[in-house]
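Both backbone and side-chain heavy atoms feed into the values below; hydrogens, waters and symmetry mates do not. Small disclaimer: the values here were computed from a predicted structure and weren't measured.
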Amino acid sequence: METTMFLAIARQSVLRREMDAVANNLANANTTGYKSQSPLFREVLSKTSPTETISNVLDQGMMTNTTDGPLKNTDNNYDFGIRGGGYFAVQTPSGERYTRNGNFKLDSASRLVTQMDNGVLGADNRPITIPPNAGEIRVTGDGTILAGTQVIGQMKVVGFTNDRALKRGPNSLMIANEQPQPAPQAKVVQGVIEESNVVPMFELARMTEVEIGRAHV
């Protein structure tokens, strides 16, 4: 009896984690650069007697779907997306952070910043400044910023050997638990923003499956 009750409680816990992930994904279906998540579990077998073994689950944290989201045209020269794995590096009061949300702007000091005024870092690890007389800029696939033929700087675009080493922070920023690496496969695209990679129909189907599972526990 105790074993049956224990398994039922464990099953409910798993389903609750699944539902929380689905709800969070749906809430962020329109968040620029958002990556969907799902719980990651590992089966653990335990012997309760010489002839009986029960299957339990170990919570391994959240797994992020790093698939690119669709790029939406904005025709804004200071909006950017990334094709392929990679993140823009930005400077915050808490240190360097990383984001796929390239909805940038210029602040009063002509720095390229996020909507929360965090400076976008260049390849030299310094915030990028656009000269006031630069005129219209264009950005190449490797993040090089040009005003005419003048090179203003190059965006710092990085990758990680394990995206699970990234922890979600506020304002679409990611916190890294490992050193960033160059991301030569990443291509910067100007005049677009990356939409969320959440597929609402898929998440609604997952929600239905969880509800059915909860009804049968």
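Residues Thr208 and Leu204 are not in side-chain contact: their nearest non-hydrogen atoms beyond the backbone lie 4.5 Å or more apart. With contacts defined as side-chain heavy-atom distances shorter than 4.5 Å, the pair Leu112/Met155 qualifies. At a threshold of 4.5 Å between non-hydrogen side-chain atoms, the residues Val199 and Asn25 do not count as touching. With contacts defined as side-chain heavy-atom distances shorter than 4.5 Å, the pair Asn65/Lys35 does not qualify. When side chains are defined from C-beta on, Gln91 does not count as touching Arg126, because their heavy atoms never get closer than 4.5 Å.
Shown here for Ala29 and Ser196, the closest heavy-atom pair between the two residues is O-CB, 3.2 Å. Across all their heavy atoms, Val139 and Gln190 have their closest contact at N-OE1, 2.9 Å. Here the closest heavy-atom approach between residue Tyr98 and residue Ala176 is recorded as CE1-CB, 3.6 Å. Closest approach of Thr129 to Pro131, counting heavy atoms only: O-CD, 3.6 Å. Closest heavy-atom contact between Pro132 and Ser110: CG-OG, 3.8 Å. Heavy atoms only, all atoms of each residue included: Ala183 and Gly86 are closest at CB-CA, 4.4 Å.
With hydrogens and angles disregarded, no donor-acceptor distance shorter than 3.5 Å links the side chain of Glu203 to the backbone of Val198. A donor-acceptor pair under 3.5 Å is formed between the side chain of Gln115 and the backbone N or O of Asn103. Looking only at distances, a side-chain donor or acceptor of Asn197 sits under 3.5 Å from a matching main-chain atom of Ser36.
For Asp107, the CG atom sits in a packed shell: over 12 heavy atoms of surrounding residues, nucleotides or ligands are nearer than 6.0 Å.
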- Message: Applying side-chain contact (heavy atoms from CB on, under 4.5 Å) to Leu26 and Met207, what does each step give before you reach the verdict?
- Response: CA-CA 10 Å; Leu26 287 171; Met207 181 179 289; 3.6 Å; yes
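For Thr66, the side-chain hydrogen bond (donor to acceptor under 3.5 Å, both in side chains) test picks out no residue, with sequence neighbours left out. By the salt bridge (Lys or Arg N to Asp or Glu O under 4.0 Å) test, Asp117 pairs with Lys105, sequence neighbours left out. Evaluation of the side-chain hydrogen bond (donor to acceptor under 3.5 Å, both in side chains) rule for Gln37 yields Thr64, Arg168 as partners, not counting sequence neighbours.
If you chain together hydrophobic residues whose side chains sit under 4.5 Å apart, Ile82 and Tyr78 fall into the same group. Hydrophobic clustering (ILVMFWY, side-chain heavy atoms < 4.5 Å, transitive): Met174 and Val158 are in one cluster. In this structure, Val157 is a member of the same hydrophobic cluster as Leu173, with clusters built from ILVMFWY side-chain heavy atoms closer than 4.5 Å. Tracing side-chain contacts under 4.5 Å through hydrophobic residues (I, L, V, M, F, W, Y), one never reaches Ile175 starting from Tyr87; they form parts of separate clusters. Under the 4.5 Å side-chain heavy-atom criterion for ILVMFWY residues, a single connected hydrophobic cluster contains both Ile130 and Val90.
Atom-to-atom distance recorded for Glu96:CD and Leu121:CG is 5.5 Å, nearest 0.5 angstrom. Within the model, atoms CG of Leu146 and CD of Gln154 stand 10.0 Å from one another, a figure rounded to the nearest 0.5 Å. To the nearest 0.5 angstrom, Ile193 atom CD1 is 13.0 Å from Arg100 atom CZ. Once rounded to the nearest 0.5 Å, the distance linking CG of Leu106 with CD1 of Ile137 reads 7.0 Å. Between atom OG1 of residue Thr144 and atom CZ of residue Arg138 there is a gap of 10.0 Å, rounded to the nearest 0.5 Å. Residue Glu194 holds its CD atom at 10.5 Å from OG of Ser172, rounded to the nearest 0.5 Å.
For the residue pair Asp79 / Thr74, a side-chain donor-acceptor distance below 3.5 Å is found, with atom types taken as modelled. Using a 3.5 Å distance cut-off with no hydrogens or angles, the side chains of Thr140 and Asp142 do pair a donor with an acceptor.
Classification of the Phe88-Phe104 ring pair by plane angle, with boundaries at 30° and 60°, yields perpendicular.
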